[in-house]
Protein chains: 2
Amino acid sequence: MKYDFESSVGYWVTIVSLAYRKALNEELAPHGITFRQSQVLGWLVHDGVLSQSSLAAKMEVEAPTLKGLVDRMEAAGWVKRCSCMDDRRKKLIRMTSAAEPVWQKIADCARKVRREATAGLNRDETNQLLHLLRTVHNNLILRSEVPADEIQIG
Amino acid sequence: MKYDFESSVGYWVTIVSLAYRKALNEELAPHGITFRQSQVLGWLVHDGVLSQSSLAAKMEVEAPTLKGLVDRMEAAGWVKRCSCMDDRRKKLIRMTSAAEPVWQKIADCARKVRREATAGLNRDETNQLLHLLRTVHNNLILRSEVPADEIQIG
DNA sequence: CTCCGTTCGTTAGCATGCTAACAACGTATT
DNA sequence: AATACGTTGTTAGCATGCTAACGAACGGAG
């Protein structure tokens, strides 16, 4: 019983994701930062200050995964954990001044790889790709939020 | 200097890849197998016998990554390493008979998640998505094979 | 105010990714 | 044959992913 990987969205999304991350990691390596770490800085630039849980939600990873990311970035001096006055459970993550001069280079690397990845695609095709990926993502998110076998109205 | 993740192919491919893997892992967990391990069996069903290096190439991962996969699957009894007569360096991977009864269930899980992921997309849109992902993948592969700063014809 | 369920961050343990460096083997060159 | 170079698989070390289980803090019900 065969299974056709070549026509599987999961297969292609997996290997494109690996290839994209690898490409960007190569660009970022000289700056001592990784793909996911650069995304953390991106969200901090975008939103200012974020708690670990909200950052985890934005990056679509679980809490322990984000903790590891923040641990390494705090050790490297890119970010800092601050206590939250309103809620003593929360720890607010903010970018340090040491990270600011590097962010410009990171954004340049990200744009470069993005340009290379979408070479040969016109604006419509790129938008179509993003639209289709959002649709698939939404399908998978809804799936985890409302598993079919848990819908039991008594 | 902001960077717009929402319109980044890399961002969406990353989180869709994570969501897809997570969904399939949930389906496969009862069978004691993981997403990547199921793909190994898929390739073995498709091609019969494969050396580790050719399997790594098909799965788009590096040799040490594939070694870990095969190590765990051999320990679980799904696959077996066999020596190769023609080339004593190679180790041929083949599926064991113990894995065969599970493969049908794995393929069913894969088809189920695939159907859920592409819900709301017609055949044309799905093909378009696969086509665009292949294009992006090809761009990134070419990039790593011919880095621009290494083209130096003297 | 106390109890109880939820949320937040952490820990432990495992699966998957990578690069760098190595030994063993194959192959081409001299 | 001897040398050199490429290929194959392994090891070590690190970065990212996950679930399960936990303590601390919040918030609402009684």
Side-chain angles (χ1 to χ4, degrees), chain A residues 10 13-30 32-40 50-57 59-76 78-79 81-93 144, chain B residues 10 13-30 32-40 50-57 59-76 78-79 81-93 144:
Chain A
V13 164
T14 300
I15 66 172
V16 171
S17 159
L18 288 173
Y20 202 102
R21 178 171 307 211
K22 189 173 175 178
L24 198 37
N25 273 329
E26 286 172 5
E27 295 289 330
L28 294 172
I33 206 162
T34 66
F35 175 52
R36 280 307 231 178
Q37 290 174 6
S38 75
Q39 287 191 334
V40 169
L50 285 168
S51 71
Q52 290 193 198
S53 57
S54 52
L55 187 49
M59 295 191 65
E60 302 271 358
V61 296
E62 300 300 320
T65 301
L66 190 93
K67 181 199 178 291
L69 259 171
V70 173
D71 282 350
R72 285 183 291 272
M73 293 184 73
E74 193 172 33
W78 306 119
V79 302
R81 278 183 174 93
C82 309
S83 53
C84 176
M85 288 66 66
D86 300 338
D87 189 337
R88 280 184 298 163
R89 293 170 305 178
K90 289 187 181 175
K91 294 185 181 172
L92 300 179
I93 313 298
S144 72
Chain B
V13 164
T14 301
I15 65 172
V16 171
S17 160
L18 288 174
Y20 202 102
R21 178 171 308 211
K22 189 173 176 178
L24 198 37
N25 273 329
E26 286 172 5
E27 294 290 331
L28 294 172
I33 206 161
T34 66
F35 176 52
R36 281 306 232 179
Q37 290 175 6
S38 75
Q39 287 191 334
V40 169
L50 286 167
S51 71
Q52 290 193 197
S53 57
S54 52
L55 186 50
M59 295 190 65
E60 303 270 359
V61 295
E62 300 300 321
T65 302
L66 190 93
K67 181 199 178 289
L69 260 171
V70 172
D71 281 351
R72 286 182 291 272
M73 294 183 72
E74 193 171 33
W78 305 120
V79 302
R81 278 183 174 93
C82 309
S83 53
C84 177
M85 287 66 66
D86 299 339
D87 189 337
R88 280 185 299 165
R89 294 170 305 178
K90 289 187 181 174
K91 295 184 181 173
L92 301 179
I93 313 297
S144 71

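Only heavy atoms go into these numbers, but all of them, side chains included; no hydrogens, no water, no symmetry mates. Convention: sequence-line order gives letters A, B, ...; per-chain numbering from 1.
- Contact between B:E60 and A:L18 at its shortest, heavy atoms only, is O-CD1, 3.9 Å.
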Atom pairs under 3.5 Å: protein N/O with N/O of nucleotides 26-28 of chain D:
from   : atom 1 : to    : atom 2 : distance (Å)
D:dC26 : OP1    : A:R88 : N      : 3.0
D:dC26 : OP2    : A:R88 : NH2    : 3.1

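- When the side-chain nitrogen and oxygen atoms of B:S53 are compared with OP1 and OP2 of D:dG9, one or more of them lie within a distance under 4.0 Å.
- Among the nucleotides C:dG17, C:dG9, D:dT10, the one closest to any side-chain atom of B:R81 is D:dT10.
- Across all strands, A:K67 comes closer than 4.0 Å to base atoms (heavy-atom distances).
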Give every pair of a protein N or O atom and an N or O atom of nucleotides 12-15 of chain C that lie under 3.5 Å apart, one pair per line with the distance.
none

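- OP1 or OP2 of D:dT10 sits under 4.0 Å from a side-chain N or O of B:Q52.
- A:R36 places a side-chain heavy atom less than 4.5 Å from the side chain of B:T14.
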Note to self: Pair A:K22, A:E27 - check salt bridge (charged side-chain N to carboxylate O under 4.0 Å, His left out), show working.
What the structure shows: CA-CA 9 Å; A:K22 189 173 175 178; A:E27 295 289 330; over 6 Å; no

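- Summary of the strand contacts: A:N25 and B:S51 both lie near DNA chain D, and taking for each the nucleotide with the nearest heavy atom, the more 5' one is attributed to B:S51.
- Spacing between atom CZ of B:R36 and atom P of C:dT16 amounts to 9 Å, rounded to whole angstrom units.
- When all heavy atoms are compared, the tightest approach of A:F35 to A:N25 is N-OD1, 2.8 Å.
- Heavy atoms only, all atoms of each residue included: B:K90 and B:S51 are closest at CD-CB, 4.2 Å.
- Heavy-atom nearest nucleotides on DNA chain C were determined for A:L92 and for A:K22, and the one closer to the 5' end corresponds to A:L92.
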Which atom pairs, one a donor and one an acceptor, fall under 3.5 Å between side chains of residues 66-76 of chain B and the rest of the protein, sequence neighbours left out?
from  : atom 1 : to    : atom 2 : distance (Å)
B:K67 : NZ     : B:D71 : OD2    : 2.4
B:D71 : OD1    : B:R81 : NH1    : 3.1
B:D71 : OD1    : B:R81 : NH2    : 2.9
B:E74 : OE1    : B:R81 : NH1    : 2.7
B:E74 : OE2    : B:R81 : N      : 3.1

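- Note: CD (A:E62) to P (D:dT16) measures 16 Å, nearest angstrom.
- One atom, CG of A:L55, and another, P of C:dC8, lie 13 Å apart when rounded to the nearest Å.
- Between the CZ atom of A:R21 and the P atom of C:dC18 there is a distance of 10 Å, rounded to whole Å.
- With B:S17 as the fixed residue, the side chain to side chain contact (heavy atoms under 4.5 Å, CB included) test singles out one of A:V13, A:I15, A:V16: A:V13.
- Between A:E74 atom CD and C:dG9 atom C1' there is a gap of 13 Å when expressed in whole angstrom units.
- Rounded to a whole Å, the CD1 atom of A:I33 is 15 Å from the C1' atom of D:dT16.
- Side-chain contact between B:L55 and B:V40: present, with at least one pair of heavy atoms (C-beta onward) separated by less than 4.5 Å.
- Side-chain contact between B:I33 and B:W78: present, with at least one pair of heavy atoms (C-beta onward) separated by less than 4.5 Å.
- Across the protein-nucleic acid pair, A:L18 atom CG and D:dT16 atom P stand 14 Å apart, rounded to whole Å.
- Rounded to a whole Å, the CE atom of A:M73 is 13 Å from the C1' atom of D:dT16.
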